[in-house]
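Only one structure is covered here, and it is reproduced in the block below.
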Amino acid sequence: PLIFALMNQVQAVRLGRVIITKLPPGKTITPHVDGGAPATYYQRYQIALQCLPGNKFIIGDEEVGFKTGEVWQINNREIHSVVNNSADDRIVMIVDAKSE
């Protein structure tokens, strides 16, 4: 239901990959840029399934603390990273979708 609701909201016509990630407290995802079809063909969305205060998504010069239940469109062609300084796992569903 989350994926189809997102696709409806953004008027997506094609679903790419869907990944659920879990980042334990105190861990990081180092700065990187995504390549290939996930970056050049699809739009990237992140649905925060569990994100407590202290988690940080960094993209370019911007730093955002996702909150549980929020949906973010991400430009994964820019350098981005994640830091989880919260008290619990950071769990996010990554959805690649193509809009017209």
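Throughout, numbering of the chain's residues begins at 1 and tracks the sequence.
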Exercise. Indicate, with yes or no, if F4 and V13 share a hydrophobic cluster defined by side-chain heavy-atom contacts under 4.5 Å among Ile, Leu, Val, Met, Phe, Trp and Tyr.
Key: no
Exercise. Would you give the length of the straight line joining atom CG of L15 to atom CG of L6, rounded to the nearest 0.5 angstrom?
Key: 9.0 Å
Quiz item: Is there a path of hydrophobic side-chain contacts, each under 4.5 Å between heavy atoms of I, L, V, M, F, W or Y residues, that connects V95 with I20?
Solution: yes
Practice problem: Measure the spacing between CZ of F57 and CZ of R90 and express it to the nearest 0.5 Å. | Solution: 7.0 Å
Self-check item: Non-hydrogen atoms of V92 and A48 that approach each other most closely
Solution: CG2-CA, 4.5 Å
Quiz item: Run the side chain to side chain contact (heavy atoms under 4.5 Å, CB included) check on V82 and N55 step by step: do they pass?
Solution: CA-CA 7 Å; V82 180; N55 82 85; 5.8 Å; no
Quiz item: Measuring from M93:CE to Q46:CD, what's the distance to the nearest 0.5 Å?
Solution: 11.5 Å
Practice problem: Output the distance between atom CD1 (I29) and atom OG1 (T21), rounded to the nearest 0.5 Å. | Solution: 5.5 Å
Self-check item: Rounded distance (nearest 0.5 Å) linking atom CG of L49 with atom CG of L2
Solution: 6.5 Å
Quiz item: Atom CD1 in I59, atom CD in E78: separation rounded to 0.5 Å?
Solution: 4.5 Å
Self-check item: Under 3.5 Å: donor-acceptor pair, side chain of D89, backbone of I91
Solution: no
Self-check item: Enclosure of I19 CD1 (heavy-atom neighbours >12, cutoff 6.0 Å)
Solution: yes
Using a 3.5 Å cut-off and no angle test, enumerate the donor-acceptor pairs between side-chain atoms of residues 60-74 and protein atoms at least two apart in sequence or in another chain.
from	atom 1	to	atom 2	distance (Å)
T68	OG1	C51	N	2.9
T68	OG1	C51	O	3.4
E70	OE1	K67	N	2.9
E70	OE1	W72	NE1	3.0

Residues 31-45 side chain polar contacts: donor-acceptor under 3.5 Å, at least two apart:
from	atom 1	to	atom 2	distance (Å)
H32	ND1	T30	O	2.9
H32	ND1	H80	O	3.3
H32	NE2	D34	OD1	3.4
H32	NE2	H80	NE2	3.1
D34	OD2	R44	NH1	3.0
D34	OD2	N76	ND2	3.2
T40	OG1	G36	O	3.1
Y41	OH	R14	NH1	2.5
Q43	OE1	S99	N	3.0
R44	NE	D96	OD1	2.5
R44	NH2	D96	OD1	3.2
R44	NH2	D96	OD2	3.0

Exercise. Could you verify whether a donor N or O on one side chain and an acceptor N or O on the other, from S86 and N84, lie under 3.5 Å apart?
Key: yes
